[in-house]
Enquirer: 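Mind looking over this structure? Questions follow.
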2 protein chains.
Amino acid sequence: MDRILIVEDDSETAEAIAREVRALGCTPVWHATLDEGVAAATEGGEFRVIVLDRMLPGGDGVEAMARIRAGGSRALILVLSALGRAAQRVEGLEKGADDYLPKPFEPEELRARLRALLRRGTIEVLDNDLLAFGDLEIRLKARTVHVRRNHVAVSPKEFELITFFARNAGQVVTRMQLLENVWNLHFDPGTNVVDVHVGRLRRKLEEAGAQAIQTARGEGYIFAPLRAN
Amino acid sequence: MDRILIVEDDSETAEAIAREVRALGCTPVWHATLDEGVAAATEGGEFRVIVLDRMLPGGDGVEAMARIRAGGSRALILVLSALGRAAQRVEGLEKGADDYLPKPFEPEELRARLRALLRRGTIEVLDNDLLAFGDLEIRLKARTVHVRRNHVAVSPKEFELITFFARNAGQVVTRMQLLENVWNLHFDPGTNVVDVHVGRLRRKLEEAGAQAIQTARGEGYIFAPLRAN
DNA sequence: GGCCGGATGACAGGCCCGTGACAAATCCTG
DNA sequence: CAGGATTTGTCACGGGCCTGTCATCCGGCC
């Protein structure tokens, strides 16, 4: 049974989270302070996912991530925050969070995101620099993509794109999601920008030998690199 | 393809390591005794990484590191040990190991660490006096730069620049970072000073035969001495 | 066959970056 | 101290790579 760590000072919220965790068939473990949470994350058995409140007495959750990673935990981290604006979101993700959810949240949304994180599994999150799927690697700090240890030249936008895909690997990603998260557009521009860019990226990846992007007709795209080895 | 040296007396463990090495697209070379291992490390072609068991008949692996370094190898060393507690770990790292992994280990963890070492591709030897990347060397105390053992004349500012780049090798370095750390400016001067200096430095390095500085459009620059792929 | 959603190729505009020339500042040297 | 050499910073210009748009093509599906 997979264990999920909840670090959250408000007991009511914590209970709401725990409910969703149980609904997914996982075991919730709750700690109310940062120090306890970090200790639990780095000592006891591995957790699959850590749900981390960003605003806690005793420090910023984002800072805590560094300590958790340094402690060797390979759990995926979902950051919760009342400061739910795009800038915050980006900062959180860059600092090593795997997902970000603004408070207040809908129970269904939390569950959906948790499910996505659990499903990810196939990713090896190493030191918040590398996203690896079999022989496809994305190096965040160098902003490069490698397939079979060969460099694949991608443009800035293509890198944003593949990064977003990678963070949502294995699930359908809609055009709208891409427009919002990669283009920062909150409306449909009425063109096929997304298609074109996905096409270009797909071509480059396939030339390098990676069949990574599938299209889900009428839905969007799915990033699912087949796991060789 | 990169070669990785395995020094380990237990053939079963050695095979497990070799498997991970191959999974990363590298070639494993196995020796079962310390003396053979040291000889291989110092004589034949250069290895990228050496996986060294700490407890071997014939001596302590940590001692062997000194001999390997003395022999001129620039490989990164990963020490394996059954004595896997923090104190040992620290001792190993201080004696010149680049990473430390307790036995028994998870295959994925070994792979992750090997991957990290391969990505690092640098070595600092001798009291932080030398930064070496393949055939590009930076001597901090003498403030000189060498490519293929040939001296490259750089101006003071260019030396500051390449030093900062080297310390952040493999990651995107933004113009702002450079302005802050090399120019001590905490605002954007609105000119292209950085571009010009990077251009000049880049030219000198390339004339000497080192393709070291890549530009990341819209982001900044990346110092990545071609470790090929 | 017609329709719909997606793929692809071509193209134009824009923006970012590289470069050469020049001026100011600093250092060295006699 | 003077004069030259080197270094450092500014600017303007040109070119090339991205990016977004559109028109067209393709392939399934009813």
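Proteins come first, then strands; the chains are lettered A, B, ... in the order of their sequence lines, and each starts at number 1.
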Enquirer: Please name all residues satisfying salt bridge (charged side-chain N to carboxylate O under 4.0 Å, His left out) with A:Glu137, sequence neighbours left out, ordered by chain then number.
Expert: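 Partners of A:Glu137 under the salt bridge (charged side-chain N to carboxylate O under 4.0 Å, His left out) test: A:Arg139, B:Arg115.
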
Enquirer: Could you say whether A:His197 or B:His197 is positioned toward the 5' end of DNA chain D, judged by the nucleotide with the nearest heavy atom to each?
Expert: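 The 5'-side residue here is B:His197.
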
Enquirer: Using the C1' atoms of the five pairs at each end, what is the angle between the end axes of the helix from C:dG1-D:dC30 to C:dG30-D:dC1, to 10°?
Expert: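 Taking the rotation axis at each end, their angle is 30°.
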
Enquirer: Would you give me the side-chain donor-acceptor pairs under 3.5 Å for residues 192-205 of chain B, sequence neighbours excluded?
Expert:
| unit_1 | atom_1 | unit_2 | atom_2 | d |
| --- | --- | --- | --- | --- |
| B:Asp195 | OD1 | B:Arg175 | NH1 | 2.8 |
| B:Asp195 | OD2 | B:Arg175 | NH1 | 2.8 |
| B:His197 | ND1 | B:Val193 | O | 3.4 |
| B:Arg202 | NE | B:Ile213 | O | 3.3 |
| B:Arg202 | NH2 | B:Ile213 | O | 3.3 |
| B:Lys204 | NZ | B:Ala153 | O | 3.2 |
| B:Lys204 | NZ | B:Glu158 | OE1 | 2.9 |

Enquirer: In residues 170-191 of chain B, which residues come under 4.0 Å of DNA chain C by heavy atom?
Expert: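 Contacts with DNA chain C under 4.0 Å: B:Arg175.
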
Enquirer: Could you list, one pair per line, each protein nitrogen or oxygen that sits under 3.5 Å from a nitrogen or oxygen of nucleotides 26-30 of chain D, together with the distance?
Expert:
| unit_1 | atom_1 | unit_2 | atom_2 | d |
| --- | --- | --- | --- | --- |
| D:dG27 | N2 | A:Arg217 | NH2 | 3.0 |

Enquirer: Suppose we screen for side-chain contact (heavy atoms from CB on, under 4.5 Å). Which residues come up paired with A:Arg22, at least two apart in sequence or across chains?
Expert: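 Checked A:Arg22 against side-chain contact (heavy atoms from CB on, under 4.5 Å); matches are A:Glu15, A:Ala18, A:Pro28.
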
Enquirer: Between C:dA7 atom P and A:Ile213 atom CD1, what is the distance in whole Å?
Expert: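 Spelled out: CD1 on A:Ile213 to P on C:dA7 is 10 Å.
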
Enquirer: Mind checking what makes salt bridge (charged side-chain N to carboxylate O under 4.0 Å, His left out) contact with B:Arg148, not counting sequence neighbours?
Expert: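 Listed in chain order: B:Asp135.
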
Enquirer: Partners of B:Arg217 by salt bridge (charged side-chain N to carboxylate O under 4.0 Å, His left out), sequence neighbours excluded?
Expert: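 For B:Arg217, no residue satisfies salt bridge (charged side-chain N to carboxylate O under 4.0 Å, His left out) once neighbours in sequence are set aside.
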
Enquirer: Tell me the salt bridge (charged side-chain N to carboxylate O under 4.0 Å, His left out) pairs involving residues 180-189 of chain B, sequence neighbours left out?
Expert: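 Those involving residues 180-189 of chain B do not exist here.
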
Enquirer: Do B:Phe133 and B:Phe223 have ring centres separated by under 6.0 Å?
Expert: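 Yes: the rings meet the under 6.0 Å criterion.
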
Enquirer: Could you tell me whether the phosphate oxygens of C:dA7, OP1 or OP2, come under 4.0 Å of any side-chain nitrogen or oxygen in A:Tyr221?
Expert: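 For C:dA7, OP1/OP2 do have a side-chain N/O of A:Tyr221 under 4.0 Å.
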
Enquirer: Specify the residues of residues 153-162 of chain B, ordered by number, for which at least one heavy atom lies under 4.0 angstrom from an atom of DNA chain D.
Expert: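 B:Ser155, B:Pro156, B:Lys157, in order of number.
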
Enquirer: Return the polar atom pairs (N/O with N/O) between nucleotides 19-25 of chain C and the protein under 3.5 Å, or none.
Expert:
| unit_1 | atom_1 | unit_2 | atom_2 | d |
| --- | --- | --- | --- | --- |
| C:dT19 | O4 | B:Asn192 | ND2 | 3.1 |
| C:dG20 | OP2 | B:Arg203 | NH2 | 2.9 |

Enquirer: Not counting sequence neighbours, which residues clear salt bridge (charged side-chain N to carboxylate O under 4.0 Å, His left out) with A:Glu206? List them please.
Expert: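 In terms of salt bridge (charged side-chain N to carboxylate O under 4.0 Å, His left out), with neighbours along the sequence ignored, A:Glu206 is linked to no residue.
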
